[in-house]
There are 2 protein chains.
Amino acid sequence: MPKVALDAIDRKILKYLIKNARMPFLEIARECGISGAAIHQRIRKLDEAGVILGSRLVVNPKMMGFDVCAHVSITLRDPKLLSEAIEELKKVPEIVECHFITGAGNILAKLYCVDNEHLMRTIFDGILHIQGLASTETMISLQEVFQREINIDFIEE
Amino acid sequence: MPKVALDAIDRKILKYLIKNARMPFLEIARECGISGAAIHQRIRKLDEAGVILGSRLVVNPKMMGFDVCAHVSITLRDPKLLSEAIEELKKVPEIVECHFITGAGNILAKLYCVDNEHLMRTIFDGILHIQGLASTETMISLQEVFQREINIDFIEE
DNA sequence: ACTGAAAGACGTGCATA
DNA sequence: TATGCACGTCTTTCAGT
């Protein structure tokens, strides 16, 4: 994946929008000391370059009725079935994140469920029924202590 | 954590904003068939109720120079040191997510690094130097296959 | 809870330096 | 790459239902 040269203003723009995606461009412009049109152009370029993937409202899962968060490490019966297994995992709505990993297991999936019974059904009916999966190991998240975006400041390139 | 009664319009508003945090309220209003002022009021209430936690620009970590993603499962020497360990983990800028978990280890942390050398330094200097930690197990993410927000549609309450 | 109206702020495109 | 300007749209508030 290619990298893009980001100057101090680009980083500042991203820093603000990472914290608050709805921050007005004109407010960013005032903070950066350049015109709103310039901010607008820079954001469009960052978007076109693939630096910006989108924006999201962050909701509280518990408030939405999702009391259980878990990570499931999945071991494949046959590594050849990896891509098919991924396609099936995409169809499981409870899963919000999916990685190929090294270490214990081949795939790590993060998911949200309503309760433990729902988690059990998701693992047994949703995940383990997928062809090519050998076993799973579930790590229930007792508490999501914090979650944040990448800090783009701590590294100076 | 208390739940909040969300009707169909609240869900629709959240659904749109989860996909695109910058979607204009008036556009949401047109989709929902109610006035912009009503959307505005509902969003304010969802915010005050703690359903909405904020909004974020989603950036491509690789484009920012973070080529390595990993999950680290951490085992504590003494469970009493949990909260102090968490405070120290919060100070490690590479870590973006942190959970108390059941299973293999006590804490699961997700982090982004520039390269494998940076990952090594983060684990040895940043994480393992924290008091109270006994051991870590690192699962390097070879590929972040997908990442998405909770689908709030698949469950009808 | 929702509406409509009104004032000010904002996004966006364009011509230009 | 930045700017200023102009037009249309959006946010926000508030009185009224």
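Since the model is a prediction, treat every value here as computed from it, not as a measurement.
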Novice: Starting at CD1 of I43(B) and ending at C1' of dC2(C), how long is that distance when rounded to a whole Å?
Specialist: 15 Å
Novice: Give a yes/no on whether any side-chain N or O of R30(B) is located under 4.0 angstrom from OP1 or OP2 of dC10(D).
Specialist: yes
Novice: Classify the side chain of E27(B) versus the base of dT9(D) as yes if they form a donor-acceptor pair under 3.5 Å and no if they do not.
Specialist: no
Novice: State the OG-CG distance between S83(A) and L81(A), to the nearest 0.5 angstrom.
Specialist: 8.0 Å
Novice: Atom CD1 of I28(B) to atom P of dT12(D): distance rounded to whole Å?
Specialist: 12 Å
Novice: Regarding K15(B) and D10(B), does a basic nitrogen lie under 4.0 Å from an acidic carboxylate oxygen?
Specialist: no
Novice: Whole angstrom is fine here: how far is it from CD1 in I34(B) over to P in dT17(D)?
Specialist: 20 Å
Novice: Write down the distance between CG (D10(B)) and C1' (dC2(C)), rounded to a whole number of angstrom.
Specialist: 13 Å
Novice: dT11(D) phosphate, OP1 or OP2: any side-chain N/O from H40(B) under 4.0 angstrom?
Specialist: no
Novice: For M23(A) and Q41(A), take the nucleotide of DNA chain C holding the closest heavy atom to each; which residue's nucleotide lies nearer the 5' end?
Specialist: M23(A)
Novice: Looking at every strand, decide which applies to R22(B) at a 4.0 Å heavy-atom threshold: base, sugar-phosphate, or nothing.
Specialist: sugar-phosphate
Novice: Quick one: do D153(A) and R11(A) make a salt bridge, cutoff under 4.0 Å?
Specialist: no
Novice: Atom CZ of F25(B) to atom P of dC10(D): distance rounded to whole Å?
Specialist: 12 Å
Novice: What integer distance in Å separates I39(A):CD1 from dA2(D):C1'?
Specialist: 11 Å
Novice: Give a yes/no answer on whether the side chain of R42(B) brings an N or O atom under 4.0 Å of OP1 or OP2 in dC2(C).
Specialist: yes
Novice: Between dC10(D), dA1(C), dG13(C), which one does the side chain of A37(A) approach most closely?
Specialist: dG13(C)
Novice: Roughly how far apart are N20(A) CG and L57(B) CG, rounded to 0.5 Å?
Specialist: 10.5 Å
Novice: Is it the case that over 12 heavy atoms from other parts of the model lie below 6.0 angstrom from the CD atom of Q131(A)?
Specialist: no
Novice: Starting the side chain at C-beta, find the nucleotide from dC2(C), dG11(C), dA2(D) nearest to A38(A).
Specialist: dA2(D)
Novice: Scan L26(B) against the nucleic acid and name what it touches under 4.0 Å (heavy atoms): base, sugar-phosphate only, or nothing.
Specialist: base
